[in-house]
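What follows is one structure encoded as structure tokens, with my remarks underneath.
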Amino acid sequence: MLQLPPILLAVLMIAFAVVDTLSAAQNDDALFGPNVLIVEPGDTTAQKRLDAIYNAQEKTEFGTDRYAVLFKPGKHNLDIRVGYYTQVLGLGRSPRDVQVHGAVRAIQVPGWDNVLINFWRAIENFTVTPSEPAKGIWGVSQATAMRRVHVRGDLALAERGASSGGFIADSLVDGTINSMSQQQYLLRNTHMDKWVGGLWNMVFVGVPNAPRGIWPEHPFTTIDKTPVIREKPFIALNDKGEYEVVVPGLRHEAYGPSWVTGREGKGARTVPISEFHIARSDVDDAASINAALAKGRHQLLTPGIYELSEPLHITKADTIVYTMGYATLVPVNGTPAVLVDDVSGVTLAGLFVDAGEKKSPVLIQIGQPGSEKSHADNPIALFDIFTRSGGQRIGKCDVFLEINSHDVIGDNFWLWRADHGNGAAWDQNLTANGLVVNGDSVTVYGLFVEHNQAYQTVWNGEDGRVYMYQSEMPYDPPSQSGWGNDGFGYASYKVADHVKRHQAYGLGIYCVFLKAPIVADAAVEAPDVPGIEFHNIIIVRLGGRPGGIRSVLNGRGDPVISDDKFMASKLSGRN
């Protein structure tokens with residue numbers, strides 16, 4: 001047997017270790033593709049590569065590149081700025097496994113004195129220690145998320161100017177959260193030391209130390225416990241260095257972050273990455289993804305734009321569809337992008353669908369019309385669901401999201417008919433409704449629906465619940481007679497006349513009519529029966545041509561109608 005000198009043996013061992021590291025990196029790249037950056041602790045090139053991604057994504061509101069950045073467990077000394085279509089993820093089983101010292105932040109786009117267009121970016125599953133107070137900032141608006149994040153310090157939700165976010169869930173902030181100029185916000189199951197500020201509509205569900213104050217003098221709506229929730233799945237590395245997807249279980253009456261208490265909920269499971277079909281936009285199409293779904297494979301869609309000639313069809317219970325880095329689905333033949341059969345336990349996580357030029361009847365359909373099964377013990381769960389028509393291209397659909405199944409849980413939706421960008425015109429990006437709910441016992445946390453051409457939200461099912469609603473009516477109706485029922489203008493939120501039971505908490509509905517003098521009769525229309533409750537509604541006329549909204553709910557509440565004034569009206573209590 002050959003005996004090597006100790007020094008040579010040590011050199012060879014180091015060389016083998018380097019080869020193993022490179023091999024692992026190469027395997028990671030092969031696994032997830034070129035638009036996924038995986039960062040090892042101590043990587044001396046990481047800051048340069050992160051800066052390059054941010055510089056590319058800083059101003060690309062309607063760009064076509066998509067990125068995910070994954071941090072392996074350990075300590076990372078980095079200043080991470082998060083731009084458009086970028087998702088930053090830690091790969092630990094706990095957020096404490098990935099420690100970032102420096103910053104993970106969202107800041108203003110150069111040339112904008114606000115964060116009103118800081119859309120489409122997310123951070124999840126790590127701990128960040130800001131190196132200075134100014135770097136503890138998450139300045140965003142719609143279609144964003146902070147989940148499973150531990151901030152060791154204070155957190156500001158804007159820099160200066162206006163802001164219109166946002167969504168934080170299952171997180172821990174050791175210091176104060178300063179809402180700054182935020183118009184509305186939803187915090188769910190998040191622990192903080194203190195909350196400061198709030199403009200119109202701040203909603204807290206299952207949040208320790210939530211601010212208290214009587215509406216309408218204070219803009220706070222506080223629900224002590226989250227009635228039913230499953231947290232969003234997350235990607236982690238196990239002890240063998242293998243990727244897996246952790247699916248938290250179902251919790252009822254949840255209070256505070258799940259990972260702090262270690263209570264993952266009933267039915268929590270871990271799925272190895274080998275059970276996923278890992279899709280790439282330069283390789284896969286609808287046919288290959290559907291073939292994998294038919295075989296019972298879960299789906300992980302890596303960053304890119306997927307043009308779909310047919311819908312992705314989910315037929316099997318407990319299927320997971322997880323998208324990285326704002327991977328975007330575009331139906332090109334006038335079909336839906338995603339159809340989910342009426343089966344239990346399906347999870348859609350991080351789905352972004354952009355309407356195509358050929359008009360689709362619906363972009364995402366959950367359950368077939370007439371679905372009757374109960375899924376209370378194993379609900380379908382929808383996390384970070386974002387849809388768009390216009391902005392990137394001319395886009396058309398009748399409905400963005402239709403929910404026919406019962407017991408569905410929704411967690412952070414932005415259903416947006418673009419008011420600017422390519423194809424943003426009354427006769428081009430055609431979308432009637434943002435959300436249509438036909439199923440019973442559907443619960444949504446954080447519902448943002450904007451600018452659609454009829455009702456923004458239509459609720460036909462019984463026992464629906466919404467916690468924090470934000471909506472702007474369309475800016476661009478061409479005339480009073482051409483928009484609404486009998487010329488009265490569409491309400492934003494419509495509960496169908498036959499519905500007997502419905503609850504909504506913390507609603508902000510705004511109008512800016514730019515093309516013609518427009519008056520909407522009410523912001524909310526609903527049957528006036530004891531089982532229907534609306535708590536804490538604000539309506540705001542932001543500006544525009546003469547007009548506004550005549551009432552808050554069914555003729556009640558002061559109007560916001562003017563030639564030129566900013567006006568607000570509030571309706572509180574059970575209505």
Side-chain angles (χ1 to χ4, degrees), residues 184 200-201 216 398-399 415 417 419 426 430-437 447-460 464 466 469-500 502-575:
Q184 63 276 317
W200 295 329
N201 183 31
D398 290 325
V399 177
L415 313 174
R417 175 180 169 263
D419 60 275
W426 187 256
L430 307 177
T431 304
N433 309 118
L435 175 66
V436 175
V437 178
L447 175 56
F448 302 76
V449 193
E450 298 192 279
H451 308 308
N452 299 291
Q453 294 172 298
Y455 295 115
Q456 308 301 305
T457 297
V458 179
W459 211 288
N460 297 312
V466 172
Y469 180 72
Q470 185 264 329
S471 178
E472 284 187 352
M473 293 177 171
Y475 291 170
D476 54 344
S479 67
Q480 182 75 58
S481 61
W483 183 68
N485 292 323
D486 299 322
F488 284 110
Y490 286 103
S492 170
Y493 197 114
K494 172 68 175 177
V495 179
D497 295 344
H498 65 268
V499 173
K500 304 298 185 198
H502 186 87
Q503 299 176 53
Y505 298 84
L507 297 89
I509 296 168
Y510 319 131
C511 69
V512 184
F513 297 119
L514 297 177
K515 301 295 184 182
I518 299 289
V519 174
D521 200 48
V524 180
E525 294 178 2
D528 190 7
V529 297
I532 293 183
E533 302 178 6
F534 283 87
H535 300 256
N536 304 350
I537 311 172
I538 182 171
I539 64 173
V540 181
R541 181 189 184 278
L542 294 166
R545 298 288 296 274
I549 306 173
R550 187 171 285 118
S551 69
V552 178
L553 168 65
N554 293 347
R556 284 177 281 169
D558 293 335
V560 289
I561 298 177
S562 172
D563 288 343
D564 56 7
K565 293 180 181 178
F566 171 95
M567 302 180 72
S569 174
K570 297 181 179 181
L571 194 62
S572 61
R574 300 172 111 186
N575 302 285

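- One finds the SG atom of Cys511 at 10.0 Å from the OH atom of Tyr475 (value rounded to the nearest 0.5 Å).
- We find that Asp476 and Arg417 are joined by a salt bridge, their nearest charged nitrogen and carboxylate oxygen being less than 4.0 Å apart.
- Here the side chains of Val449 and Gln470 are not in contact, with every heavy-atom distance at 4.5 Å or above.
- When all heavy atoms are compared, the tightest approach of Val529 to Lys500 is CG2-O, 3.7 Å.
- Val524 places none of its side-chain heavy atoms less than 4.5 Å from the side chain of Val552.
- Distance alone, capped at 3.5 Å, is enough to place a donor-acceptor pair between the Ser562 side chain and the Asp564 backbone.
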Would Ile532 and Val495 satisfy side-chain contact (heavy atoms from CB on, under 4.5 Å), going step by step from the backbone distance to the final call?
CA-CA 9 Å; Ile532 293 183; Val495 179; 4.1 Å; yes

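- Every pair passing side chain to side chain donor-acceptor pair (under 3.5 Å) that includes a residue from residues 509-520 is listed here, sequence neighbours excluded: Gln184-Tyr510.
- Annotation for Leu415 and Leu447: closest pair CD1-CD1, 4.5 Å, computed over non-hydrogen atoms.
- Atoms OG and OH, from Ser492 and Tyr455 in turn, are 11.0 Å apart once rounded to the nearest 0.5 Å.
- The distance from the CG atom of Leu542 to the CG atom of Leu514 is 10.0 Å, given to the nearest 0.5 Å.
- At a threshold of 4.5 Å between non-hydrogen side-chain atoms, the residues Arg556 and Ile537 do not count as touching.
- Looking at every heavy atom in both residues, Gly557 comes nearest to Ser569 through C-OG, 4.0 Å.
- Between Arg541 and Gly547, the shortest heavy-atom distance links the atoms NE-O, 2.9 Å.
- The main-chain N or O of Val519 is found under 3.5 Å from a side-chain atom of Gln480 such that the two form a donor-acceptor pair.
- A distance of 14.5 Å separates NZ of Lys494 from CD of Gln456, quoted to the nearest 0.5 Å.
- Taking the six-membered ring for Trp, Tyr493 and Phe534 have ring centres closer than 6.0 Å.
- Looking at Pro477 and Phe513, their side chains come closer than 4.5 Å, going by heavy atoms from C-beta outward.
- Using a 4.5 Å cut-off on side-chain heavy atoms (C-beta onward), Val466 and Trp459 make contact.
- Here CG of Leu507 is found 10.0 Å from NE2 of His535. Values are rounded to the nearest 0.5 Å.
- Within the 4.5 Å cutoff, the side chain of Gln453 has heavy atoms near those of the Trp426 side chain.
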Given side-chain contact (heavy atoms from CB on, under 4.5 Å), test Val540 with Met567 step by step and report yes or no.
CA-CA 6 Å; Val540 181; Met567 302 180 72; over 6 Å; no

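- Note that CD1 of Ile518 and CD1 of Ile561 are 12.0 Å apart. Values are rounded to the nearest 0.5 Å.
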Stepwise, does the side-chain contact (heavy atoms from CB on, under 4.5 Å) test hold for Val512 with Met473?
CA-CA 7 Å; Val512 184; Met473 293 177 171; over 6 Å; no

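- Closest of all the heavy-atom pairs between Ala523 and Ile549 is N-CG2, 3.6 Å.
- For the residue pair Glu525 and Ala491, the shortest heavy atom distance occurs at CG-CB, 3.7 Å.
- Taking the side chain as every heavy atom from C-beta outward, Ile509 and Tyr469 approach each other to under 4.5 Å.
- Contact of the Val458 side chain with the Leu435 side chain is not registered, since no non-hydrogen atoms from C-beta on lie closer than 4.5 Å.
- Of the possible polar contacts, one joining the Ser551 side chain to the Asp521 backbone as a donor-acceptor pair under 3.5 Å is found.
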